[in-house]
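One structure below.
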Amino acid sequence: MSGFAWDPCEKCEKMMQPYLDRVLTEEERLEAEEHLAGCSYCRKRYRFEEEFRQFVRLAVSEPMPPGLKAKLAALRTPL
Ligand SMILES: [Zn+2]
């Protein structure tokens, strides 16, 4: 047993980045969404990745708003 609060999902590792990049085929996208609906690990991971990408986009153009910083900190699930 690992000490993780939730188990990493193998499926998530394969589909998360292409899903976020919107490069999946229609069929793969539907499969990914179906999986996200039933997998709390992937939902959490997806939400984090989305926020992180928003933060990266913001960070290159303007200083990080304090609210976003707190939000990102809250998204980090303690292990
Ligand atoms: Zn999953």
Side-chain angles (χ1 to χ4, degrees):
M1 283 299 285
S2 72
F4 287 79
W6 20 269
D7 294 326
C9 176
E10 199 181 309
K11 188 166 186 76
C12 148
E13 295 304 322
K14 273 182 268 180
M15 63 89 176
M16 189 61 67
Q17 295 306 324
Y19 182 66
L20 284 157
D21 289 332
R22 310 282 191 262
V23 295
L24 293 174
T25 64
E26 182 69 9
E27 196 186 337
E28 288 170 331
R29 192 179 59 78
L30 286 172
E31 199 193 320
E33 274 170 7
E34 199 178 307
H35 179 78
L36 276 173
C39 180
S40 61
Y41 173 81
C42 288
R43 269 204 308 279
K44 199 176 278 186
R45 173 91 187 264
Y46 175 69
R47 220 164 46 223
F48 177 80
E49 295 279 349
E50 274 281 281
E51 296 276 348
F52 184 71
R53 283 175 180 230
Q54 270 174 35
F55 157 69
V56 170
R57 275 195 296 271
L58 278 174
V60 296
S61 58
E62 56 188 284
M64 191 181 350
L68 179 62
K69 195 173 183 179
K71 207 172 165 190
L72 280 171
L75 278 170
R76 288 222 180 79
T77 307
L79 297 178

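Evaluation of the side chain to side chain donor-acceptor pair (under 3.5 Å) rule for Tyr46 yields no partner, not counting sequence neighbours. With sequence neighbours left out, the side-chain contact (heavy atoms from CB on, under 4.5 Å) criterion links Glu26 to Arg29, Leu30. Residues satisfying the salt bridge (Lys or Arg N to Asp or Glu O under 4.0 Å) criterion with Glu51, sequence neighbours excluded, are Lys71. A search for side-chain contact (heavy atoms from CB on, under 4.5 Å) contacts involving Thr25 returns Glu27, Glu28, not counting sequence neighbours. For Lys14, the salt bridge (Lys or Arg N to Asp or Glu O under 4.0 Å) test picks out no residue, with sequence neighbours left out. Take Glu31 and apply the side chain to side chain donor-acceptor pair (under 3.5 Å) test, not counting sequence neighbours, and it matches Lys11. Considering only residues two or more places apart in sequence or on other chains, Arg47 meets the side chain to side chain donor-acceptor pair (under 3.5 Å) condition with none of them.
Atom SG of Cys39 and atom NZ of Lys44 lie 10.5 Å apart (nearest 0.5 Å). The structure places CG of Leu20 at 4.5 Å from CZ of Arg53, a figure rounded to the nearest 0.5 Å. Atom SG of Cys42 and atom CD of Glu10 lie 11.0 Å apart (nearest 0.5 Å).
When all heavy atoms are compared, the tightest approach of His35 to Cys9 is NE2-SG, 3.4 Å. Listed here is the closest heavy atom pair of Met15 and Ala32: SD-CB, 3.6 Å.
Linking ILVMFWY side-chain heavy atoms closer than 4.5 Å, directly or via other members, places Leu24 and Leu36 in a single hydrophobic cluster.
A donor-acceptor pair is defined here as one N or O able to donate and one able to accept, closer than 3.5 Å; no such pair exists between the side chain of Arg45 and the backbone of Met16.
Through direct or relayed side-chain contacts under 4.5 Å between Ile, Leu, Val, Met, Phe, Trp and Tyr, Val23 connects to no other residue.
Ring pair Phe52/Phe48 is parallel by interplanar angle, where below 30° counts as parallel and above 60° as perpendicular.
Glu49 and Tyr19 share no side-chain donor-acceptor pair at under 3.5 Å.
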